[in-house]
Asks: 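Just dropping this structure here.
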Amino acid sequence: MDQIDRKILHALERDARTSFADLADMVGLSKTPCWTRVKTLEAEGYITGYHALLDSKRLGFSLEAFIHVSVDLTMAEQFEAAVIKQPLILRCHATTGDADYTLHIAAADMPGLDRLLRDVICRLPGVRKFVTSLITRDVKPVARMMYAADGL
């Protein structure tokens, strides 16, 4: 990966809908070589997809939380398979420390969170305990890998 590839990744991370013509201008290439580089970055796995960022509050989910879950690790595969099927679990990370997993969830409101905890989370396979932390506001809502890589 060279400096032009890094510029391409940086630009696409900021706005994945940038046209190839605009992207080429930003990185100092013509359109076709820029397109070829993007396709190569995709094929090599540097770009794994393109996503729309949705506003959870406008979609009716005024509450988000992190749930730190401890599980019976003999049930880890079943836990993970069940988590994948739950639409209100936005993300799931296997972690080290006090919890085995951290879930990022969305709920319409506090009663919705209570139902999710009682009817879904505590019934996931292998769950021994969980601790919930409400998200009060987003300080840095979007991860930017290229900003982090530039700082190394």
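Along the sequence shown, residues are numbered consecutively beginning with 1.
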Asks: Search all heavy atoms of A99 against all heavy atoms of H68 and return the closest pair with its distance.
Replies: CB-CB, 3.7 Å
Asks: Going through the distances and angles, do I89 and I121 end up as a side-chain contact (heavy atoms from CB on, under 4.5 Å)?
Replies: CA-CA 9 Å; I89 298 175; I121 303 303; 4.0 Å; yes
Asks: Kindly determine whether R37 and D2 satisfy salt bridge (Lys or Arg N to Asp or Glu O under 4.0 Å), including the steps that lead there.
Replies: CA-CA 11 Å; R37 281 182 178 249; D2 64 13; 2.9 Å; yes
Asks: If you group Ile, Leu, Val, Met, Phe, Trp and Tyr by side-chain heavy-atom gaps below 4.5 Å, do V71 and V131 land in one group?
Replies: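 Not linked; separate clusters.
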Asks: Closest approach of A11 and L23, non-hydrogen atoms and distance?
Replies: CB-CD1, 3.5 Å
Asks: Would you name the heavy atoms of G112 and A107 that are closest together and state the gap between them?
Replies: C-CB, 4.0 Å
Asks: Working to the nearest 0.5 angstrom, can you tell me the gap between I8 CD1 and Q3 CD?
Replies: 11.0 Å
Asks: Over all heavy atoms of both residues, which pair between M110 and L134 is shortest? Give the atoms and the distance, please.
Replies: CE-CD1, 3.8 Å
Asks: Supply the atom-to-atom distance D100 CG to L73 CG, rounded to the nearest 0.5 angstrom.
Replies: 4.5 Å
Asks: Would you say L9 and M1 make side-chain contact, with heavy atoms under 4.5 Å?
Replies: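 They are in contact (side-chain heavy atoms under 4.5 Å apart), so the answer is yes.
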Asks: How about T102 and H93: does a side-chain donor come under 3.5 Å of a side-chain acceptor?
Replies: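 No, because no side-chain N or O of T102 sits under 3.5 Å from a partner of the opposite role on H93.
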Asks: Working to the nearest 0.5 Å, report the span between CZ of R115 and CG of L113.
Replies: 9.5 Å
Asks: To the nearest 0.5 Å, what is the distance between OG on S70 and NZ on K129?
Replies: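 Reported value, rounded in 0.5 Å steps: 5.0 Å.
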Asks: Please step through side-chain contact (heavy atoms from CB on, under 4.5 Å) for the pair V83 and Q78, ending with a clear verdict.
Replies: CA-CA 9 Å; V83 162; Q78 295 92 325; over 6 Å; no
Asks: More than 12 heavy atoms of other residues, nucleotides or ligands under 6.0 Å from CG of D119: is that the case?
Replies: yes
Asks: Measure the spacing between NZ of K31 and OG of S19 and express it to the nearest 0.5 Å.
Replies: 7.5 Å
Asks: Testing the basics here: between P87 and K85, what is the closest heavy-atom pair and its distance to 0.1 Å?
Replies: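 Smallest interatomic distance, heavy atoms only, reads CD-O, 3.3 Å.
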Asks: Taking a hydrophobic cluster as the set of Ile, Leu, Val, Met, Phe, Trp and Tyr residues connected by side-chain heavy atoms closer than 4.5 Å, whether directly or through intermediates, do L116 and L90 fall within one such cluster?
Replies: no
Asks: If you group Ile, Leu, Val, Met, Phe, Trp and Tyr by side-chain heavy-atom gaps below 4.5 Å, do F66 and L103 land in one group?
Replies: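 Different clusters.
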Asks: For residues F130 and M75: do they belong to one hydrophobic cluster (side chain heavy atoms under 4.5 Å, members Ile, Leu, Val, Met, Phe, Trp, Tyr)?
Replies: no
Asks: Could you state whether L88 and L54 fall into the same hydrophobic cluster, counting links through intermediate Ile, Leu, Val, Met, Phe, Trp or Tyr residues with side-chain heavy atoms under 4.5 angstrom apart?
Replies: yes
Asks: Determine whether a donor-acceptor pair (N or O, by modelled atom type, separation under 3.5 Å) exists between the side chain of D138 and the backbone of K140.
Replies: no
Asks: Does any N or O in the side chain of T18 come within less than 3.5 Å of the main-chain N or O of D15, such that one atom is a donor and the other an acceptor?
Replies: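 At least one qualifying donor-acceptor pair exists.
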Asks: Taking ring-ring contact (aromatic ring centres under 6.0 Å, His included) as the test, write out the residues that go with F61, two or more places apart.
Replies: none
Asks: Establish, from distance only, whether the side-chain atoms of R6 and H10 form a donor-acceptor pair under 3.5 Å.
Replies: no
Asks: So K7 and M26, do their side chains get closer than 4.5 Å, heavy atoms only?
Replies: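 No, too far: nothing below the 4.5 Å cut-off.
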Asks: Test E80 against Y101 for side-chain contact (heavy atoms from CB on, under 4.5 Å), laying out the working first.
Replies: CA-CA 9 Å; E80 292 175 10; Y101 295 91; 2.5 Å; yes
Asks: I need the S133 OG to I67 CD1 distance, nearest 0.5 Å.
Replies: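 So the gap between those two atoms works out to 9.5 Å.
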Asks: Working note: D109 + L63, criterion side-chain contact (heavy atoms from CB on, under 4.5 Å); need CA distance, chi angles, decisive distance, verdict.
Replies: CA-CA 6 Å; D109 49 24; L63 192 147; 5.9 Å; no
Asks: Quick one, T32 and F20 - any side-chain contact, counting heavy atoms below 4.5 Å?
Replies: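 The answer is no, as the side chains (C-beta and beyond) never meet within the 4.5 Å cut-off.
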Asks: Is any NZ, NE, NH1 or NH2 atom of the basic residue among R17 and D22 found under 4.0 Å from an Asp or Glu carboxylate oxygen of the other?
Replies: no
Asks: What pairs with E42 under salt bridge (charged side-chain N to carboxylate O under 4.0 Å, His left out), at least two apart in sequence or on another chain?
Replies: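 For E42, the residues satisfying salt bridge (charged side-chain N to carboxylate O under 4.0 Å, His left out) (neighbours in sequence not counted) are K39.
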Asks: Taking all non-hydrogen atoms of both residues, which atom of A108 and which atom of S62 are closest, and how far apart?
Replies: O-OG, 2.5 Å
